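To start, the structure under review is shown below, and the notes come after it.
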Amino acid sequence: MEQTLFDKYGGVPAVTTIVRDFYKRVMKRPNLRRYFVDVKMEDLIMHQIAFVSLAMGKVPHDYAGRDMKSAHAGLRITSASFELAVDLLKDALVAASVEPQDVDTITRTVNALKSQIVGQ
């Protein structure tokens with residue numbers, strides 16, 4: 001069985017570090033922070049850990065969040081905000097010593113969801 005990126009980088013503890021770092025970066029950006037007013041950040045972080053775990057190859061049955069379109073409906077996320085968030089995710093992955101080719105794989109997975117997230 002081929003090792004997943006999730007396993008390669010240390011599973012939930014590593015993903016948790018990446019996601020927490022990502023949200024620290026996001027919350028420093030007013031144009032992104034505005035999407036999280038009145039959001040229970042700890043709940044969101046837990047969902048995001050599950051999502052990033054999926055993006056890194058973890059078995060999907062562990063993700064219990066809403067589908068991307070429903071989760072982002074009405075938020076009016078712009079393409080620029082989406083792209084900035086992806087850049088911040090890349091930064092968090094690099095900071096966690098994720099190899100460049102693996103950063104590309106993970107961000108391709110996230111970018112594939114852009115149409116379900118932007119402008120909903």
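In this text, all values refer to a predicted model and were calculated from it rather than measured experimentally.
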Closest heavy-atom pair and its distance - Val118, Phe82:
CG2-CB, 3.6 Å
Side chains of Glu83 and Ser79: is there a donor and an acceptor less than 3.5 Å apart?
yes
Return yes if some donor-acceptor pair links the side-chain N/O of Arg29 with the main-chain N/O of Val26 below 3.5 Å, else return no.
no
Could you report the tightest heavy-atom contact between Ser81 and Leu32, atom names first, then the distance?
O-CD2, 3.5 Å
Specify the closest pair of heavy atoms between Val98 and Asp102, including all atoms of both residues, with the distance to one decimal.
CG1-CB, 3.7 Å
So which atom in Leu113 and which in Phe51 form the shortest heavy-atom distance, rounded to 0.1 Å?
CD1-CZ, 3.3 Å
With rounding to the nearest 0.5 Å, note down the distance linking CD in Gln48 to CG in Leu89.
8.0 Å
Listed partners of Tyr9 passing ring-ring contact (aromatic ring centres under 6.0 Å, His included), at least two apart
none
How long is the straight-line distance from CE of Met46 back to CE of Met41, given to the nearest 0.5 Å?
11.0 Å
Verdict with reasoning, Arg108 to Asn111, per side chain to side chain contact (heavy atoms under 4.5 Å, CB included):
CA-CA 5 Å; Arg108 267 195 311 274; Asn111 277 318; 5.7 Å; no
Before giving the answer on side chain to side chain contact (heavy atoms under 4.5 Å, CB included), spell out for Ile45 and Arg20 the whole-Å C-alpha distance, their side-chain angles and the decisive distance to 0.1 Å.
CA-CA 7 Å; Ile45 287 169; Arg20 288 192 182 282; 3.7 Å; yes
Does a salt bridge link Asp21 with Arg25, judged by any charged N lying under 4.0 Å from a carboxylate O?
yes
Could you tell me the separation between the CG atom of Asp91 and the CG atom of Leu84, rounded to the nearest 0.5 Å?
9.0 Å
CD/Glu99 to CD1/Ile106 distance, rounded to the nearest 0.5 angstrom?
10.5 Å
Could you state the interatomic distance from CD (Glu2) to CG (Asp7), rounded to the nearest 0.5 Å?
11.0 Å
Report the C-alpha separation of Tyr23 and Leu88 in whole Å, then their side-chain angles, then the decisive distance to 0.1 Å, and conclude whether the side chain to side chain contact (heavy atoms under 4.5 Å, CB included) test is met.
CA-CA 9 Å; Tyr23 278 109; Leu88 295 175; over 6 Å; no
Out of curiosity, Thr109 OG1 to Leu5 CG, how far, rounded to the nearest 0.5 Å?
8.5 Å
Is it true that, when you exclude Lys8 itself, more than 12 heavy atoms of the residues, nucleotides or ligands shown sit nearer than 6.0 Å to its NZ?
yes
How close do Phe22 and Ala92 get, heavy atom to heavy atom, and via which atoms?
N-CB, 3.9 Å
